[in-house]
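Protein chains get the first letters and strands the later ones, always in sequence-line order, with residue 1 at the start of each.
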Protein chains: 2
Amino acid sequence: MKAPRQSDVARLAGVSQSAVSRVVSGDVDRIPVETRERILAAVKELGYVPNAAARNLRNKRNRLLGVHTFEAVFPHAREDFYFEFLLGIEERAEQLGYDLVLFTSTGTSDGRRRIYRDGTNRLNLADGTVLLGAATDREELARLWHDGYLFVHIGRREVPGAEIPCIVPDYIDGTDRLVASLADRGHRYFAYLRQGIEQEAYFDRRAGYRAAVERLGLHDRSPGFRGEPGLSEEWLDELATGPETAVVAESISLAEELRTGLAARGRQVPEDLSVAVLEGSGERWDCLAIPRKEIGRIAIDALVARVEDPEAAPVSRLVACDLVAGETVAAPRAKE
Amino acid sequence: MKAPRQSDVARLAGVSQSAVSRVVSGDVDRIPVETRERILAAVKELGYVPNAAARNLRNKRNRLLGVHTFEAVFPHAREDFYFEFLLGIEERAEQLGYDLVLFTSTGTSDGRRRIYRDGTNRLNLADGTVLLGAATDREELARLWHDGYLFVHIGRREVPGAEIPCIVPDYIDGTDRLVASLADRGHRYFAYLRQGIEQEAYFDRRAGYRAAVERLGLHDRSPGFRGEPGLSEEWLDELATGPETAVVAESISLAEELRTGLAARGRQVPEDLSVAVLEGSGERWDCLAIPRKEIGRIAIDALVARVEDPEAAPVSRLVACDLVAGETVAAPRAKE
DNA sequence: TTGAAAGCGCTACCAA
DNA sequence: TTGGTAGCGCTTTCAA
């Protein structure tokens, strides 16, 4: 019942162990057909299967890619956060013939998952790892990078002193195009609703917004544009009566708050005010769609490229976002 | 940039490699604190992390559990088929400090995943593997079992000549209890709607149904009870007018067909006829709920028990199903 | 064409 | 308490 080794196969076939190794690992060029068939027969008879651990040790390769999420995958998969990424990751890994390791072992009691635990990490089980998720501990990323691990991060993460390879939605360009499409429909007076989150992904949206406003000579006198988060009653009053005809919101919840506030003031979306959202939406908002599945695929490609060519330089990639038409944008209406 | 090994640490700390090994693998009893701290300092300075492949080769253990599904996980996760199982698997693996390998590499062009590919399999990457999914190739299971792999199968699978350890919902008992609960409410005349699927899980439901009918002295003259699948127009006519007051259906789709057919005959569920379903349901059917998450957890426990004690005998486990009350069962009404 | 042998990095046994 | 050393099963070089 013990697993047979190459030496067992070799003995049975009456050849040397190295011959067996050559045959089973497909380096078959210089082995006569007849010998090969004897070996293959012995392999079959004994039910020989190569020992993965030994191969890994020898080859420094695994055909194993890691997926590290900073919290449990499946509870969130349902909420679609990880889900689409994983879809792309799994699909591409399957196409390329890699297996996937889910790093689940380092969960802490608070539900977060760390990379290092007791100064050690298991990422080297895999040939390379995709990191994804919110609120990464930047120290860990920096250390990982310094330790020379092969990884890519989904979502932009800037860490001083390290150059993290990231696959990121191009929020700058996406936001810029979204604003441009509003301008195309005739909007000139804009307002921006900002969240209280200070993170790379939001910096990008703000940069894209500002760029479009300046380039297209649009007007924005909103607190959000000047850096103030949230939506005040005063601004709702302003929006209800002021010159603004289009609002760009960082989140669906802000957009919803806006719609409610406007309704209370007798204003409708999109008849009185057009609203677009800078994140994906299952509902009918006009919005920016993050191509999550594609990002997952690209992350695997980026990783595999480096696994298979260790000389290859780490690269970050921007992935274009789609503009999704909904029912919350219309042409501007002149206010009385 | 090359990963440091124990020998590097040893040199820096001025001790032998075996001392380093002892310290980093926690076998620390007989090492003076002072030495240990020197070693730990060297570990930290070099950023040493143990090589998983080497450990694995040496220890024959990985703290890695495999998950093999017979098709892609994520597309189906959404439909809730794999999802709840995986939730339990992930949760328990995390608690026990194991990582998970998703075997994605053996996808074939038709979307199915095999275990063996070119006579080889990668399951030995993991200490043990949970197999789950529909339509397993029984040959592969038999071979796996013969080759002495450590695995458990979610869902019952009988293979001649092999004794597959399975974690299965207890359909026999669950169906029996469901029928008993109908009988408790006063139902005596039953009908059974059978699918055209011949699989262990359905055999069990049928066995449980038969057992309850016989034990409780109930009546059933339905074709389904006698072995005929589907739901004919004739039977709908019979059910609309006959003595039956309760119907047990193997699937939601059969139950829906029934409801539609009865409605066409002026009969309502549950006023005229109570209906219970032998699978889970997001809707309002009275049904049997498969405790998927718990099964996932138990599968991991069963696997880990054997990983950690190779002497332990493989066991199959039955997991009790819950009866879920819906809106499709009522007390029987005397037919006019 | 074939085989002997040197490691891959680690653990654990045994001797000092 | 410490360290030398023998492998774990495999790949690959080098020599026959």
Side-chain angles (χ1 to χ4, degrees), chain A residues 2-40 42-43 46-64 120-125 127 147-148 310, chain B residues 2-40 42-43 46-64 120-125 127 147-148 310:
Chain A
K2 223 185 137 308
R5 295 160 303 153
Q6 285 184 351
S7 56
D8 302 320
V9 177
R11 201 172 324 112
L12 181 60
V15 297
S16 78
Q17 200 214 104
S18 18
V20 177
S21 172
R22 288 186 191 121
V23 169
V24 299
S25 47
D27 174 17
V28 121
D29 290 356
R30 315 175 310 174
I31 301 224
V33 188
E34 194 259 337
T35 315
R36 188 166 79 209
E37 292 193 334
R38 255 207 343 278
I39 293 177
L40 258 12
V43 163
L46 296 176
Y48 167 80
V49 165
N51 176 310
R55 278 197 158 167
N56 297 343
L57 177 58
R58 191 49 233 220
N59 294 339
K60 285 120 188 331
R61 288 286 181 69
N62 253 327
R63 298 200 79 79
L64 206 50
T120 239
N121 83 61
R122 310 218 329 135
L123 258 47
N124 54 5
L125 274 172
D127 297 342
D147 287 355
Chain B
K2 222 183 136 307
R5 298 158 303 152
Q6 286 185 351
S7 56
D8 301 319
V9 177
R11 200 171 325 112
L12 181 59
V15 296
S16 78
Q17 202 211 106
S18 17
V20 177
S21 174
R22 283 181 198 127
V23 168
V24 300
S25 48
D27 174 16
V28 121
D29 289 357
R30 318 175 306 175
I31 300 226
V33 188
E34 194 260 338
T35 316
R36 187 166 79 209
E37 293 194 332
R38 251 202 350 273
I39 293 176
L40 258 13
V43 163
L46 296 175
Y48 167 80
V49 165
N51 176 310
R55 278 197 157 165
N56 189 5
L57 176 59
R58 190 52 233 227
N59 294 340
K60 286 120 181 346
R61 289 286 181 68
N62 249 320
R63 298 201 79 79
L64 206 48
T120 242
N121 83 59
R122 308 211 340 129
L123 256 48
N124 54 7
L125 273 173
D127 298 344
D147 287 355

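Taking 4.0 angstrom as the limit, A:Thr35 places a side-chain polar atom (N or O) nearer than this to OP1 or OP2 of C:dT2. Put simply, A:Arg55 has a side-chain N or O that comes within less than 4.0 Å of OP1 or OP2 on D:dT11. Distances shown here put every side-chain N or O of A:Gln17 at or beyond 4.0 Å from the OP1 or OP2 atom of C:dT2. Contact check, B:Lys60 against C:dT11: no side-chain N or O comes under 4.0 Å of OP1 or OP2. The phosphate of D:dG9 (OP1 or OP2) has a side-chain N or O of A:Arg5 nearer than 4.0 angstrom.
Among C:dT11, C:dT2, D:dG9, the nucleotide with an atom closest to any side-chain atom of A:Pro32 is C:dT2. Distances from the side chain of A:Arg22 to the nucleotides C:dG3, D:dT2, C:dT11 place C:dG3 closest. Considering only the side chain of B:Leu57, D:dG9 comes nearest among D:dT12, D:dG9, C:dC10. The side chain of A:Gln6 has D:dC10 as its nearest neighbour among C:dT11, C:dG9, D:dC10.
Counting non-hydrogen atoms under 4.0 angstrom, A:Ser25 reaches the backbone sugars and phosphates but no base. Counting any heavy atom pair closer than 4.0 Å across all strands shown, B:Asn59 reaches sugar-phosphate atoms only and no base atom.
A 4.5 Å side-chain heavy-atom check between B:Arg22 and B:Ile39 finds every atom pair outside the cut-off.
For A:Ser18 against C:dA4, a side-chain-to-base donor-acceptor contact under 3.5 Å is present.
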